[in-house]
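Presented below is the structure to which this report refers.
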Amino acid sequence: MVISERLNGLFRSVGKAIDDRDVKFIQEHVLRQVEWGAQALDVNVGPGRGSDGPDDMRWLVKAIQEVTDLPLCIDTPGNKTMLAGLEACENPRIINSTTADMEKMAALFPMARDFDADIICLTMDERGVPNDADSRAEMAMLMMTTAMEFEVMPERILLDPLVWPVSAAQDQGHKVIEALRLFQMLNDPAPRTVVGLSNVSNGARDRGLLNRTYLAMLMGAGLSAAILDPEDRELMETVKSGQVLLDQKLYCDDYLRA
Ligand code: THG
């Protein structure tokens, strides 16, 4: 599943459109993501909005769903902003995200249950991101069992091993791949997995090359979904050829078109 990263207040043009309540800009932006092949949209109002977060998120979700029925992946660390987004959202919902922090899980899993939402579980807690694959898998297991206690079924969960910039932590690249493989052994059927792909190339040169190379490696390890830039043509070509090579698409129309 291709989740577009572009509806994010982190991008200056989107941040400004949120400030200006520019519905037209947002809706054209959404339709472009859809045209490029997005199958879900990550919706993030961006950092530093403080108490305006919930209002901004409510407005943004409403503007987006006027022009698409795609699932919206509500991306915020703020519980109030999350709740506002989920309440406004009538499309299929994905919560992005909870951590393994008990307080966070106790707030977010009930929201997943009550709003009938999928939920992304980041394998980190109040102490940070574990350094190796085994500890990430251990944390993933804890989150899946805790989710069950809140009546959130394993099918609802997307496990995120957390991708690091290769420029900052070169040893994490293969550990994330190993973690993905371990996650898939935690349940039958295998839990779904997701990453924020562009993290890997933060602060690096030729970001596109790193993004699409890493995506191919992650797809080979069984990745189910990625938050990425669908307007990157070569990256989307990598998605489509990967789907053919992994026998995920019987007919090759998308590949041939790409
Ligand atoms: N996991 C989950 N959710 C996530 C992430 C993750 N959401 C946020 C992020 N990571 C994924 N989204 C982005 C969006 C933009 C960029 C990276 C990841 C990005 N932006 C450019 C930059 O920072 O250089 C440009 C920003 C700008 O124009 O100012 O790289 O890991 N579950």
Side-chain angles (χ1 to χ4, degrees), residues 1-19 25 29-30 32-33 36 38-49 53 57 60 71-78 81-82 85 93-101 104-105 108 111-112 117-125 128-130 136 139-140 143 147 156-169 172-173 175-177 179-180 183 191-212 214-215 218 223-232 235:
M1 176 167 61
V2 170
I3 306 172
S4 173
E5 72 180 14
R6 299 293 299 269
L7 269 302
N8 191 321
L10 180 76
F11 296 103
R12 193 165 299 148
S13 57
V14 175
K16 185 168 182 307
I18 296 171
D19 292 338
F25 176 93
H29 199 52
V30 167
R32 200 158 50 242
Q33 307 307 302
W36 280 90
Q39 295 160 312
L41 304 168
D42 192 68
V43 181
N44 187 322
V45 291
R49 294 189 170 269
M57 181 62 88
L60 187 57
L72 302 188
C73 182
I74 313 293
D75 186 357
T76 173
T81 302
M82 179 62 70
R93 306 171 184 89
I94 306 170
I95 292 175
N96 189 9
S97 49
T98 184
T99 65
D101 185 345
K104 196 75 192 161
M105 290 193 286
L108 275 288
M111 288 193 213
D118 286 353
I119 182 163
I120 296 176
C121 295
L122 305 179
T123 51
M124 63 176 287
D125 63 12
V129 182
R136 280 177 165 100
M139 218 173 255
M143 297 174 98
R156 284 302 205 175
I157 288 177
L158 287 144
L159 297 171
D160 184 338
L162 280 161
V163 167
W164 284 76
V166 66
S167 62
Q172 289 298 316
K175 291 180 182 174
V176 161
I177 292 172
L180 272 187
F183 290 173
R192 287 180 296 160
T193 52
V194 64
V195 298
L197 183 68
S198 308
N199 299 359
V200 80
S201 62
N202 231 304
R205 285 178 56 184
D206 201 342
R207 296 189 63 174
L209 178 59
L210 286 171
N211 290 345
R212 63 184 179 268
Y214 202 40
L215 184 69
L218 294 165
L223 184 71
S224 328
I227 303 168
L228 52 73
D229 178 7
E231 292 189 47
D232 180 336
L235 181 60

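Each ligand, and each atom within it, is numbered from 1 in the order the structure gives.
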For [atom], what is the nearest protein heavy atom, given as residue, atom name and distance?
atom: atom 10 (N) of ligand 1; value: N199 OD1, 3.3 Å
atom: atom 19 (C) of ligand 1; value: R207 NH2, 3.9 Å
atom: atom 28 (O) of ligand 1; value: F11 CD2, 3.4 Å
atom: atom 1 (N) of ligand 1; value: D160 OD2, 2.7 Å
atom: atom 3 (N) of ligand 1; value: N96 ND2, 3.0 Å
atom: atom 23 (O) of ligand 1; value: N202 OD1, 4.0 Å
atom: atom 7 (N) of ligand 1; value: D75 OD2, 2.8 Å
atom: atom 5 (C) of ligand 1; value: G196 CA, 4.0 Å

Y214 side chain vs S201 backbone, donor-acceptor pair below 3.5 Å: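 Pair absent, no side-chain N/O of Y214 close to backbone of S201.
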
K104 side chain to S97 backbone, donor-acceptor under 3.5 Å: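 No, because the side chain of K104 does not come within donor-acceptor range (under 3.5 Å) of the backbone of S97.
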
Electrostatic pair R212-D232, nearest N-O below 4.0 angstrom: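 Answer for the salt bridge query: no.
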
Distance-minimising heavy-atom pair for I94 and P71: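 Closest approach of I94 to P71, heavy atoms only: CD1-CB, 4.2 Å.
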
Closest heavy-atom pair and its distance - T98, M143: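 That would be O-CE, 3.8 Å.
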
Atom indices of ligand 1, in the order listed, that fall short of 4.0 Å to a heavy atom of I120: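 Once the distances to I120 are compared, the set is 32 (N).
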
Which of the ligand 1 atoms, numbered from 1, are nearer than 4.0 Å to a heavy atom of L122: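 Per the distance check, 32 (N).
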
Nearest-option assignment for atom 13 (C) of ligand 1, heavy atoms, candidates R6, E5, R12: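 Considering heavy atoms of R6, E5, R12, the nearest to atom 13 (C) of ligand 1 sits in E5.
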
From CD (E5) to CG (L197), nearest 0.5 Å: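 Those atoms lie 8.0 Å apart.
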
Non-hydrogen atom of L10 closer than 4.0 Å to ligand 1: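 Contact check L10 vs ligand 1: positive.
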
Any residue meeting side chain to side chain donor-acceptor pair (under 3.5 Å) with D229, in chain and number order, not counting sequence neighbours: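 Residues passing side chain to side chain donor-acceptor pair (under 3.5 Å) with D229: R6.
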
L7 side chain near D42 side chain, heavy-atom distance below 4.5 Å: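 No, side chains not in contact.
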
Greater than 12 external heavy atoms within 6.0 Å of W164's CH2: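 Not buried by this count: 12 neighbours or fewer within 6.0 Å.
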
Location of contacts on V194 toward ligand 1, heavy atoms closer than 4.0 Å: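 Neither; no heavy atom under 4.0 Å.
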
Any N or O of N44 closer than 3.5 Å to N or O of ligand 1: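 No; every N/O pair is 3.5 Å or more apart.
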
